[in-house]
Every structure is written in C-alpha cells, then in structure tokens.
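To start, the structure under review is shown below, and the notes come after it.
One-based numbering, in listed order, for ligands and for the atoms of each. Just the heavy atoms: all of them, side chains too, but no hydrogens, waters or symmetry mates, feed the values below.
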Amino acid sequence: MSKKKQLKYDKAYLRIAREWGKLSHCERKQVGAVIVKDRMIISDGFNGTPTGFENYCEDEEGYTKWYVLHAEANAILKVASSTQSCRDATLYITLSPCRECSKLIHQAGIKRIVYFDKYKDDSGLAFLKKAGVEIEQITDLD
Ligand SMILES: [Zn+2]
C-alpha cells in the first residue's frame, strides 16, 4: 500500500476509534480503540467498568475507579474471548497507552499503534518502542 493510501486508511480507522470513545460512560476521559488486522476491524473498545458493574467510572470524589478497564484493554480482551488473535494487528487509539496497557499490547502481538492524543505519562510508548512496536501519531483528523 502506498504511504498516501495508508495515511488515508489510518485516519479513517482513527476516526472510528474516536466515535467509539464517545460511547464511554466515563466523564473525565473518553477513550476509543479499534484493532485492525488484514484490513479488517477485528475488535473495538472504550474505557469503562467491567461487565456486570454499574456504568459510572468515577467515584463520589470524581476519581476514576481502579477497576475501570482502558479502551485498548477492552479491545484486546474482546479478541481473547474470540477465535481471532491480535498477532501482527494494528491498534488505533485516541490516547496513547498507559504502562499497564502497553504490556498487554506487546504481549498480544500487536505490531503497530496509531494514536491521536499523547497521554501525560509516555513510559508506555517508550516501552513499546523498545519492544519493537511501530508507533505513529496522527493529530489532523478532520
Ligand atoms: Zn491503559
């Protein structure tokens, strides 16, 4: 695929991730993710509480509950419960991954990440770079 065409697809998938983020019930931050493999979306996710728990992500003081799952963790776990695998897939995400999620991303076999916003702590990105994951930021989506 040409670089120009790749960028066009990357933007389209990242826009889908952004739409997905809007489905999050979290108030502080809404993050969306899609996982693409062989030019197919094999998973999606947004940050939120686990299945069976109330949808509120923040406690009375406005802090995010510790058991809220991040968008990419939800997307990866969705693949884990299917017959698919993330091996060599690309993750599109609206916010660069945290440390915890970056471990999951690498271990799941994801080879490339395209993100929109940069998370304040970039040690997740540094870890992924070291692990050989290709990382790209796209900031002009519209
Ligand atoms: Zn995370």
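Sequence neighbours left out, the pairs with a member in residues 115-126 that pass salt bridge (charged side-chain N to carboxylate O under 4.0 Å, His left out) are R99-D121.
Near-neighbour remark for the Zn ion (ligand 1): protein N, O or S atoms under 2.8 Å are H70 ND1, C98 SG, C101 SG; waters not counted.
Between F127 and H106, the angle of the ring planes goes over 60°, which puts this pair in the perpendicular group of the 30/60° scheme.
When side chains are defined from C-beta on, R18 counts as touching L141, because their heavy atoms get closer than 4.5 Å.
Applying side chain to side chain contact (heavy atoms under 4.5 Å, CB included) to R112 and the options I135, T90, L91 leaves one that passes, T90.
A salt bridge is absent between D10 and R15: the closest approach of a Lys/Arg side-chain nitrogen to an acidic carboxylate oxygen does not fall below 4.0 angstrom.
Atom CG of residue D140 and atom CZ of residue F116 lie 8.5 Å apart, to the nearest 0.5 angstrom.
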